[in-house]
Amino acid sequence: MWTGSALADRLRAHLTTLYGHRASAVADQVIRLIELHAPRIKPRQKSSWDEKDIILITYGDQITDGRRPTLEVLRDFLSDHRLVNLFRILHLLPIFPASSDDGFSVVDYRQVDARLGTWDHIRELASHFDLMIDLVLNHVSRKSAYFQGYLAREARFANFFIEAVPDPLLVQVVRPRNTPLLTPVETKAGRRYVWTTFSDDQVDLNYAEPAVLLEILDVLLFYLEQGVRILRLDAVPYLWKRLGTPCINLPETHEIVKVLRCVVDAVAPGTLLLTETNIPEIEGSNYFGFGDEAHLVYQFSLPALVLDAFLNGGGAFLSRFLAHHSSTPLGTTVVNFLASHDGIPLRGLEAILPPDRLNALVDEVIKRGGCVSHRLAPNGAEVPCELNITYFSALSEPGGREAEVVRRRFVAAHAFLLALRGIPAVYILSLFATPNYLEGVKQTGRNRTINRRKFELSELNAMLSDSASEAAQVFGAMKRLAEVRLDQPAFHPEAPQLPIDTGNPNLVSFKRESLDGSQHIVVVLNVGKNPEKLSPDALAGRRPIRNLLSGPELSFLSTNAPGDSAGQQTPEASVDALIPPGGIVWWEVT
């Protein structure tokens, strides 16, 4: 925790890079903000993370009943289905009034969308979960008071947004979309062109203006007052723009993240910053800094690599990725996910998969009813950047064939996710084996709607109460996976992860070891289409004790594995195990 002059010195060091001679004055204003908010922020109950941390990602209006605020409905659903103890971290996607992009075009940072509820509902959820919300800090809605003030040429907002004119140098700017970078708007002073990285309704903020940073810090501190513990920094790589550069991951952007880190460490130690860095993996990992930037960074390459292993055949690329991304700086860790409210990102795979294999993955997703979103390359060409499909449909077979295998590999993919080094995040639609929401895409005209289906409570409960339904079977298996993970110290987010060369390209394997060395777990995933036998050599002389993925809910994941019948210790268990197609084992070993 930094206080007094130490904090001021630390802030000035970062702010000088941003604002030069104005840094001291801005640092003083930051400290005044901290002094204003700090008395209203409760101390954190925990400072780090452990194996009991699993993130559940959901919209605040994911489940409705037509009567109550949707946050109440969500709270009761999570309680009634005993998910509160399984998912200690709840990520609520944008809860604010918004004009587009399902909440990511924020109209008012300090209000909860009335359909969802109030800040009282947020504070109540924060009393049951480590609550994560989005700080959408790159852009705001053109309907926001900030932008309306800018259009009216109000003095306070005169420099809140980035004005530019069409210029050949803009071709250097990295584009995450294929929409125009600049949008013309009519202001009181005439036509201006404003910077719009993501859409013409999402206008980029100008962090070269200190008042913008101070406003966002005030919003951040307000969120901490409401009990929020984790802040997801949305679209953070694009914060700072400088003509003649790619305008992504600039040094000034990293300094802004360091300022945010200084503030949360000073006012609420134990608050965590998670950067949304949908960029090549090596660039994303830079947001750890030297332990002075983000606490958490997403592994954006993981979802597509797991999918590639199943659909294109062979886990070599997945295994290679895990071997080279198995550690992070002290006091940091990654967030692993397979599905989210967005599509399956491809940007990070451009340096990992050969072009023909990447194109084959795109083709396989299209065969399964998915869509493909594009970005603009510097040469103006459109490049696939995101696969829009639910993860359940992505792992399906065209024509609805092999339902049992599809269910097995979908659950196994999540068992693989839960076993990886880092904190796992599960999208709520994955709990229900949700297929592509094609009707929604037709209604909105947006590819991402395919994986953003909302449920009516009675409809969802009916699905889950039908034991024969795919949704109910997957729901039960996913809950059981979470229960098992919580009791394994080897799955601590920072516990070592060592790759295992099985000698079989269809078997992706690694070993986890608890921080105190008391537990060892070998994970083996079969991404192939046939049963595979694991060579005893892959265990490096260690003896299997039991398969942790046992019992009626999970027995379909593996066959002929030690302890399968009841998951009990079997001292003389054979290492010969036949893993079915799409199957997985978690072996506790000596």
Side-chain angles (χ1 to χ4, degrees), residues 42 54-136 141 143 222-223 225-230 232 340-341 390 425-434 437 439-440 443-444 448-449 451-466 469 471-472 474-476 478-479 482:
K42 294 180 180 179
I54 307 174
I55 301 168
L56 180 64
I57 308 167
T58 182
Y59 282 99
D61 62 347
Q62 194 76 60
I63 308 171
T64 63
D65 68 1
R67 298 180 295 103
R68 295 176 293 162
T70 58
L71 289 173
E72 282 188 19
V73 180
L74 178 66
R75 175 204 64 195
D76 290 350
F77 177 85
L78 297 177
S79 176
D80 292 346
H81 290 275
R82 301 191 301 279
L83 297 176
V84 175
N85 295 326
L86 298 181
F87 296 93
R88 194 154 69 178
I89 302 172
L90 181 66
H91 175 195
L92 285 180
L93 292 159
I95 56 175
F96 320 105
S99 55
S100 64
D101 198 15
D102 289 328
F104 283 93
S105 186
V106 178
V107 172
D108 190 337
Y109 286 121
R110 294 180 176 84
Q111 295 295 322
V112 176
D113 186 326
R115 297 176 305 109
L116 275 64
T118 67
W119 285 111
D120 286 338
H121 293 104
I122 296 298
R123 287 187 287 269
E124 183 181 7
L125 285 169
S127 69
H128 297 289
F129 298 91
D130 285 340
L131 191 62
M132 181 198 309
I133 67 171
D134 287 85
L135 181 59
V136 186
S141 166
K143 293 184 179 179
F222 172 73
Y223 293 165
E225 288 181 28
Q226 312 313 312
V228 173
R229 184 183 177 227
I230 306 173
R232 177 184 179 272
S340 75
H341 61 292
T390 72
V426 178
Y427 188 35
I428 193 167
L429 293 189
S430 294
L431 294 180
F432 317 136
T434 309
Y437 184 36
E439 179 184 347
Q443 292 171 355
T444 67
R448 283 182 167 177
T449 307
N451 196 29
R452 294 182 177 181
R453 183 182 175 186
K454 308 296 175 63
F455 282 98
E456 204 283 327
L457 179 62
S458 59
E459 172 197 15
L460 184 56
N461 281 335
M463 288 168 48
L464 299 180
S465 63
D466 178 5
S469 72
V474 167
F475 188 57
M478 298 279 265
K479 288 173 63 177

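All figures in this text were calculated on a predicted structure; none of them were measured in a lab.
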Quiz prompt | side chain to side chain donor-acceptor pair (under 3.5 Å) assessment of Thr70 paired with Thr64 | solution = CA-CA 5 Å; Thr70 58; Thr64 63; over 6 Å; no
Exercise. Any chance you could lay out the side chain to side chain contact (heavy atoms under 4.5 Å, CB included) test for Val112 and Thr118, step after step, and finish with the verdict?
Key: CA-CA 6 Å; Val112 176; Thr118 67; 5.5 Å; no
Exercise. Test side chain to side chain contact (heavy atoms under 4.5 Å, CB included) on Leu116 and His121 and set out the steps.
Key: CA-CA 9 Å; Leu116 275 64; His121 293 104; over 6 Å; no
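Side-chain contact between Val84 and Leu90 is absent, with no heavy atoms from C-beta onward closer than 4.5 Å. The side-chain heavy atoms of Phe222 and Tyr109, taken from C-beta on, include no pair separated by under 4.5 Å. Side-chain atoms of Met132 and Arg229, non-hydrogen and from C-beta on, never get closer than 4.5 Å to each other. At least one side-chain heavy atom of Ile57 sits under 4.5 Å from a side-chain heavy atom of Ile55. Counting heavy atoms from C-beta on, the side chains of Thr58 and Leu93 never come closer than 4.5 Å. Annotation: side chain of Leu56 is in contact with side chain of Leu431 (closest heavy-atom distance under 4.5 Å). The shortest side-chain heavy-atom distance between Ile54 and Ile89 does not fall under the 4.5 Å cut-off. No side-chain heavy atom of Phe129 sits under 4.5 Å from any side-chain heavy atom of Leu92.
By the 6.0 Å contact criterion, CG on Asp65 is enclosed, its count of non-hydrogen atoms from other residues, nucleotides or ligands being greater than 12.
If you take OG on Ser79 and CG on Leu74, they are separated by 11.0 Å, rounding to the nearest 0.5 Å. Distance check: Asp130 CG to His91 NE2 gives 13.5 Å after rounding to the nearest 0.5 Å. Separation of atoms OG1 (Thr449) and CD (Glu439) is listed at 11.5 Å; rounding is to 0.5 Å. Note: Ile63 CD1 to Ile428 CD1 = 4.5 Å, rounded to the nearest 0.5 Å. To the nearest 0.5 Å, atom CZ of residue Arg75 and atom CG of residue Asp80 are 9.5 Å apart. If you take CD on Glu72 and CG on Leu125, they are separated by 10.0 Å, rounding to the nearest 0.5 Å.
Side-chain rings of His128 and Phe87 stay apart, their centers remaining 6.0 Å or farther from each other. The ring of Phe455 has its center no closer than 6.0 angstrom to the ring center of Tyr437.
A salt bridge links Asp113 with Arg115; the closest basic N to acidic carboxylate O contact falls under 4.0 Å.
In this structure, the side chain of Gln226 does not engage the main chain of Val228 through any donor-acceptor pair within 3.5 Å. Between the side chain of Trp119 and the backbone N or O of Arg110 there is at least one donor-acceptor pair closer than 3.5 Å. Without hydrogens or angle criteria, Asp101 side chain to Gly103 main chain gives no donor-acceptor distance under 3.5 Å.
Using cut-offs of 30° and 60° for the angle between ring planes, the Tyr59 and His341 rings count as perpendicular. Using cut-offs of 30° and 60° on the angle between ring planes, the pair Phe432 and Phe475 is tilted.
Listed by chain and number, the residues in a salt bridge (Lys or Arg N to Asp or Glu O under 4.0 Å) with Asp466 amount to none (sequence neighbours excluded). With sequence neighbours left out, Asp76 forms a salt bridge (Lys or Arg N to Asp or Glu O under 4.0 Å) with Arg68. Asp102 meets the salt bridge (Lys or Arg N to Asp or Glu O under 4.0 Å) test with Arg446, Arg452; sequence neighbours excluded. In this structure, the side chain to side chain contact (heavy atoms under 4.5 Å, CB included) partners of Ser99, at least two apart in sequence or on a different chain, are Ser105, Val107, Ser141, Lys143, Asp201. For Arg453, the salt bridge (Lys or Arg N to Asp or Glu O under 4.0 Å) test picks out Glu459, with sequence neighbours left out. Under the side chain to side chain donor-acceptor pair (under 3.5 Å) criterion, Asn461 pairs with His81, sequence neighbours left out.
With Met478 as the fixed residue, the side chain to side chain contact (heavy atoms under 4.5 Å, CB included) test singles out one of Leu86, Val426, Leu83: Val426.
Across all their heavy atoms, Gln111 and Phe96 have their closest contact at O-CD2, 3.3 Å. In plain terms, the two heavy atoms of Ala462 and Ser465 that are nearest each other are O-OG, 3.0 Å. Minimum interatomic distance between Ala471 and Met463 (heavy atoms only, all atoms of both residues): CB-CE, 3.5 Å. Residues Thr434 and Thr390 come closest through the heavy atom pair O-OG1, 2.8 Å.
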